[in-house]
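First the structure, in the form of structure tokens, and then the observations on it.
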Amino acid sequence: MVDTKNDRWHYRLEPTLFTHSPNNAFPNSIGRFLHPTRATLASKDPDRDEEFLWKSRDHRKNRHVKYTPNKDRSRHGKNLLVGIEHMTRLEYWNVSWWVATAFTVGSIIWVVNGFYSFLPFVHTSFAMSTLGIGWTAWVGATVFEVGAVLGVLEAWNRGETANFGWGVRQVLGYENILESSGGIADSSLPSSEGKEGNMKGQQKWRWFSSDPKYWHELGFLAAFTQFWAATIFWISGFTALPSIQSAIETRTGVLDGVFWTPQVVGGMGFVISSSLLLLETQKRWYLPNPLSLGWQVAIWNFIGAIGFTLCGALGYAAQVSTKAAYQSSLSTFWGGWAFLIGSVLQWYESVNSV
């Protein structure tokens, strides 16, 4: 049995396992600079011929943690209804849950902002509320910034041991060991040292890392891009505050520079981030993967990012064109809804193991 090596494969493996065919969605000329986003894991036991697919997104999103820590409560969503029921849980220990929750709350605020912005164009009975628009924009942008910071922390703390899910542990015979350990929420399989070794192997939390290996991971690159996009986008949220907006709304150059331009640049950053997440879930860069939950999260965020980018781009002409103002507000409206759909799907993803 030969282990096919890949220069970019950098996760630890249990001694009973080997990996082959690690790859990512890019052609080799580009893909060799990036870590694999999927790999086949198999047992070295000659009596077992099963092979299982490891995915970097599932790994980063803690989807291989079967039990809630210190509780004998399964995270495995046997069906859609069970998975939805899991969304009522407060997984405070799970950084992926915090990421999803932050973006869900932020998206809800942006949906409210969309109503404030767009409804006055739909019917004259709805008055334009600069107070409502300004404060929801600032709060929504701030919550998005918090979510982006958490996303970077999630990428830095994604675990060093390649792991996989609930059904695979059963097939490979590790399920009884996990049961006897009380459902330890370590992302790896039991080590050769036994339960105590597994507990000691839990990773120390990282608040910051300068390790260059992360620059070769699509998940981290997406999170890092999203962080800077959210930071730039936050400027437009801040300058949307009523007192600031009233001071700059008649000064076209200033308005364009500190309000509309950060929306365009930040929105484009969100587009890039979402594109990287799409590519992380695809087998080939040109083949969509709509049956993947992670792909659905990314595509809805991509749509939302397009909406927010268009809002800023059309905003440059909003003061001189009613049509541009209409389309700018409409873009915020449907962009917020797209972000909300993607965030809710990410919330579902974060609380259900594979």
Side-chain angles (χ1 to χ4, degrees), residues 98-119 128-154 222-249 254-274 277 297-298 300-316 318 325 327-344 346-347:
W98 284 103
V99 172
T101 301
F103 279 112
T104 299
V105 172
S107 297
I108 290 172
I109 297 169
W110 277 111
V111 166
V112 174
N113 177 271
F115 277 110
Y116 273 123
S117 301
F118 183 60
L119 286 182
M128 185 69 70
S129 173
T130 56
L131 193 66
I133 293 172
W135 281 104
T136 53
W138 179 72
V139 175
T142 301
V143 177
F144 266 26
E145 177 73 1
V146 172
V149 172
L150 291 171
V152 174
L153 291 174
E154 176 190 58
F224 186 77
T225 304
Q226 181 175 250
F227 166 72
W228 283 109
T231 301
I232 295 170
F233 191 83
W234 183 88
I235 297 172
S236 65
F238 178 71
T239 54
L241 288 170
S243 58
I244 298 176
Q245 191 68 198
S246 62
I248 65 175
E249 62 183 355
V254 177
L255 183 69
D256 290 349
V258 300
F259 182 65
W260 295 119
T261 297
Q263 287 193 49
V264 174
V265 177
M268 290 176 64
F270 288 140
V271 169
I272 295 171
S273 174
S274 300
L277 292 176
V297 172
W300 284 106
N301 285 338
F302 179 85
I303 295 170
I306 293 293
F308 278 26
T309 303
L310 287 175
C311 172
L314 293 165
Y316 290 124
Q327 291 295 336
S328 177
S329 296
L330 178 58
S331 296
T332 299
F333 183 78
W334 59 259
W337 277 106
F339 270 126
L340 181 57
I341 294 171
S343 297
V344 171
Q346 186 174 200
W347 182 8

Is a donor on one side and an acceptor on the other found under 3.5 Å between the side chain of S273 and the backbone of A222? yes
Please find the pair of heavy atoms, one from I248 and one from V258, that lie closest to each other, and give the distance. CD1-CG2, 3.9 Å
Quick one: pull up CG in L241 and CG in L131 and give me the separation to the nearest 0.5 Å. 9.5 Å
What's the spacing between L277 CG and F302 CZ if we round to 0.5 Å? 12.0 Å
Would you check if the side chain of T136 reaches a backbone N or O of I133 as a donor-acceptor pair within less than 3.5 Å? yes
Quick one: are the ring centres of W135 and W138 less than 6.0 Å apart? yes
Any donor-acceptor pair under 3.5 Å linking the side chain of S236 with the backbone of P262? no
Residues Y116, M128; criterion side-chain contact (heavy atoms from CB on, under 4.5 Å); working and verdict: CA-CA 7 Å; Y116 273 123; M128 185 69 70; over 6 Å; no
With a 6.0 Å cut-off (strictly less than), is the heavy-atom count around CH2 of W337, excluding the residue itself, greater than 12? no
Shortest non-hydrogen contact from T309 toward G267: OG1-C, 2.9 Å
Just checking, any donor-acceptor pair under 3.5 angstrom between side chains of W347 and T101? no
What's the separation between atom CD1 in I232 and atom CE in M268, rounded to the nearest 0.5 Å? 10.5 Å
T261 versus Y316, side-chain donor and acceptor atoms under 3.5 Å: yes
Would you say the ring centroid of F233 lies under 6.0 angstrom from that of W110? yes
Looking at every non-hydrogen atom in both residues, tell me the closest pair between S328 and C311 and how far apart they are. OG-O, 2.7 Å
Would the number of heavy atoms belonging to other residues, nucleotides or ligands and lying under 6.0 Å from CZ of F238 be above 12? no
Determine the sole option in F339, W300, F144 for which the ring-ring contact (aromatic ring centres under 6.0 Å, His included) test with F103 is passed. F144
Of the non-hydrogen atoms in G237 and A141, which two are nearest, and what is the gap between them? CA-CB, 4.1 Å
What are the two closest non-hydrogen atoms of A240 and A137, and how far apart are they? CB-CB, 3.8 Å
Taking atom CD of E145 and atom OG1 of T231, what is their separation to the nearest 0.5 Å? 3.5 Å
State, yes or no, whether a side-chain contact exists between F259 and Q245 at a heavy-atom distance under 4.5 Å. yes
Any heavy-atom pair between the side chains of W334 and I303 that's under 4.5 Å? yes
Should N301 and S274 be marked as a side-chain hydrogen bond (donor to acceptor under 3.5 Å, both in side chains) after you check the CA-CA gap, both sets of side-chain angles, and the distance that decides it? CA-CA 6 Å; N301 285 338; S274 300; 5.1 Å; no
Nearest-0.5 Å distance, CZ of residue F270 to CD1 of residue I306: 12.5 Å
For residues T332 and S117, is any side-chain donor paired with an opposing acceptor at under 3.5 Å? no
Please give me the minimum heavy-atom distance between Q327 and L314, naming the atom from each residue. CB-CD1, 3.5 Å
